[in-house]
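Residue numbers begin at 1 in each chain, while the letters A, B, ... track the order of the sequences.
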Amino acid sequence: MEFDHLLIRYGEIALKGKNQKKFLVRLQENIQHALKDYSAVKVKRTQGRMFVLLNGQDPEPIMERCQHIFGIHSFSLAIKVENDLNRIKEAALYALKNANHPNTFKVTVRRVNKGFPYRSQELLQELGAHLLMHTDNIKVDVHHPDVEVKVEIRAEGTYITSGLTFGLGGLPVRTGGKTLLLLSGGIDSPVAGFLAMKRGVEVEAVHFHSPPFTSERAKQKVIDLAEKLTYYGYPIKIHLVPFTKLQQKIYQEIPESYAITVMRRMMMRISEAICRNQDILSITTGESLGQVASQTMESMNTINEVTNYPILRPLIAMDKDDIIRISKQIDTYDISIRPFEDCCTIFVPKAPKTNPKRSKVNYFEDKFDFTDLLEETMQGIETIEAGTDKQEEAFRDLL
Amino acid sequence: MIYLDNSATTKPHPDVLKSYVQASEQFFANPSSIHQLGGQAERLLLRARQQAADILHVHEDEIIFTSGGTEGNNMAIMGVAMQHQRRGKHIITSEIEHPSVYDACKGLEQLGFEITALPVDANGQVSVEEVKKSIRNDTILISIMHVNNEIGSIQPIQEIAEIAATHPKLFFHVDAVQGLGKISLNLYHPGIDICTLSGHKIHGVRGTGMVYVARSTKLFPLLQGGGQEYGRRSGTENLAGSVSMVKALRLMMDREKTDLEHLRMLYQQLRTKLEQIDGVMINSPIDGAPHILNCSIPGLKPEVVIHALGKRDIYISTKSACSSKQSDISRVLAACGYSRERASSGLRISLSYDTTTEEITTFIEALKEVIQHLKEILE
């Protein structure tokens, strides 16, 4: 006897109305995708439940994987047996014995299949007695048990579980449209991407780089960050924008204190253009109010002027500590702190404006026609896909 | 050939050698060079580090690539001693450590450090209670091995780590060279600060190894220079070596998952059959590691048995290869309380996941014949 199923519970999806099925089908596909390396494993849906059939697979890596899928509230290892009292007893004992060294337990029964000959109360007594008889030093505690042995009797069989692991919550990726994430290489933007994905959004990324001032390694850093995010969903397209020429022009034509503001506005213009080309409906940034000069209320007002696409700012109200905590949790922190120059750190003015004005920035921008340069920059965009790199495949073979 | 000296070194896995050659050919640039080729090499090194960290459940910047077990053990012991000597100069270790730990500690004695080398019981285990009692205010390091290289006894690392965790002023170093891939070890236990691993004991190539050093652990670097390996170990990175080590680690961990039961079964078979041979005394504890079996045949010089078996293309060893050319008596067996005669006639048979039942049978038959033959000559 062994745990042969993973019972998946989904939180928020359960609250959905008529379009619930759409979310469930997507969640099922996402789980299948995440577990594609385990060919024996099957994912199936029944009324109100989703199951991963382990088919002999070691459950540990699969559970680890399920902790990184949005839309899963929690999951438990389960044993499925026929609706037979002795088999149920045997399975309940196995489940209890394979829990994490409990001192106390309780049994709960859900009798979905009302045709089962024992009533819930009778079953509770039978099972409780059986478990007490066949274990040592484990007591019943109905209020605060270390382990809850759950028995669910359904038409197709009985499922017995004895543990619970929480998932990430949120909604399944690809149920909420697509956003374009401004991915700089810093700590914040990957976290913003992660949180957008948590609400079911699929992410494409845009990265502005300025070769030869920024190195291949800075670009690689961004690819590595995006790769981490692919773990929560699907391969991520990265639009690499060659920013050198435009950036140099900005620093020639715009007063130093406004250069960053204009640069950010150019990034927004280019991002919106990418969105239009790719049918993406919003832009996501890692901005957090007041963190740096370009993230003050005045700056946001000025920068936001150039686009009427919604800009999602999942980190807007978060403290840096909280952002760092999440970046460690999603394993991007170590990548983000690799010390390579990015396009924002290369031309830093001594005193950037913290309260730029729309009128002034428009006045400065009007003095030079950036149209051709913007067009040229757009033409030079290179699109790659994180999670499908050839070089990485070669590395994987070596390792 | 029947090779039963896997605790001395293992045969490199063909896939590991392939990785080594390919990495040497295709990624020969210096990972610290800032040009693109260097960048590629650096990325491969990073991937290797990440994979090792994933397998061992630690952070990538806690993996330091080294040249092997001896370097790792010295890095830990000397590194702690030099860095933290102002806190105290007392080090706790055991009497059955590998020479690269034991002699490193003995060396420190000459520099004014005080060493407590804990005794072991007849099963070759230190007592957790003894460890606890030996901790003093000026203790800066406990260095205890996981699996003993001569007799295969397993030390209570988890329990010692629990104790170490309650003494934030001292560091706990584990020499896990012999246990890797055979007996699992939770490196991420908060009590374990440093852990040494070696490549060539897990079918990797010679001159490869790694050390886990917890982020919060500061070590005085033995090798100063270009600041590679997070400043903990300077010297141009051995990219091919590191890549092949991580490959060996992955393959070994896979074998542990699938073949550990088989190995245990082989060990039991070997043990039972040895016990039945007249004059053979088993020195390994009953609950030891499933790949190291030490026995003595009092009255027969171990070298003679080894050479006689060698003539039949069967290879076993005396005590640890690292000290087998020195004195006759095994420090480890003596520490376990065995008589001089028994402690100087130890033979070590060490298995790998590739060992087969037939090989064990053939070895046993050969050993019986050799003993018979030698005894006839001696009589």
Which pairs would a plain distance check flag for residues 44-56 of chain B, meaning a side-chain donor or acceptor within less than 3.5 Å of a matching protein atom at least two apart in sequence or in another chain?
| residue | atom | partner | partner atom | Å |
| --- | --- | --- | --- | --- |
| Arg47(B) | NE | Glu392(A) | OE1 | 2.7 |
| Arg47(B) | NE | Glu392(A) | OE2 | 3.1 |
| Arg47(B) | NH1 | Gln50(B) | OE1 | 2.9 |
| Arg47(B) | NH2 | Asp224(A) | OD1 | 2.5 |
| Arg47(B) | NH2 | Asp224(A) | OD2 | 3.4 |
| Arg47(B) | NH2 | Glu392(A) | OE2 | 3.0 |
| Arg49(B) | NH1 | Ile63(B) | O | 2.8 |
| Arg49(B) | NH1 | Glu229(B) | OE1 | 2.9 |
| Arg49(B) | NH2 | Glu229(B) | OE2 | 3.1 |
| Gln50(B) | NE2 | Glu60(B) | OE1 | 3.2 |
| Gln51(B) | NE2 | Leu399(A) | O | 2.8 |

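Environment of OH in Tyr230(B): crowded, with over 12 heavy atoms of neighbouring residues, nucleotides or ligands closer than 6.0 Å. Within a 6.0 Å sphere centred on NZ of Lys257(B), other residues, nucleotides and ligands contribute 12 heavy atoms or fewer.
Going from atom NZ of Lys221(A) over to atom CZ of Arg43(B) covers 15.0 Å, rounded to the nearest 0.5 Å. Here CZ of Arg338(A) is found 7.5 Å from CD of Glu42(B). Values are rounded to the nearest 0.5 Å.
Take Asp254(B) and apply the salt bridge (charged side-chain N to carboxylate O under 4.0 Å, His left out) test, not counting sequence neighbours, and it matches Arg250(B). Taking Ala91(A) as the reference, Met1(A), Ile79(A), Val81(A), Ile160(A) meet the side-chain contact (heavy atoms from CB on, under 4.5 Å) condition, with sequence neighbours excluded.
A donor-acceptor pair is defined here as one N or O able to donate and one able to accept, closer than 3.5 Å; such a pair exists between the side chain of Lys247(B) and the backbone of Asp397(A).
Here the closest non-hydrogen pair linking Phe395(A) and Gln40(B) is CZ-O, 3.7 Å.
Identified by a heavy-atom distance below 4.5 Å to chain A, the contributing residues of residues 205-216 of chain B are Arg215(B), in residue-number order.
Neither the backbone nor the side chain of Asp331(A) comes within contact range of chain B; no heavy atoms are under 4.5 Å apart. Looking at Phe27(B), the atoms closer than 4.5 Å to chain A (heavy atoms on both sides) all sit in the side chain, from C-beta outward.
The candidate with the highest count of non-hydrogen atom pairs below 4.5 Å against chain A, out of Asp15(B), Val243(B), Leu251(B), is Val243(B).
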Output, in order, the C-alpha distance, side-chain angles, deciding distance and verdict of side-chain contact (heavy atoms from CB on, under 4.5 Å) for Gln22(B) and Leu398(A).
-> CA-CA 8 Å; Gln22(B) 279 181 2; Leu398(A) 285 174; 3.4 Å; yes
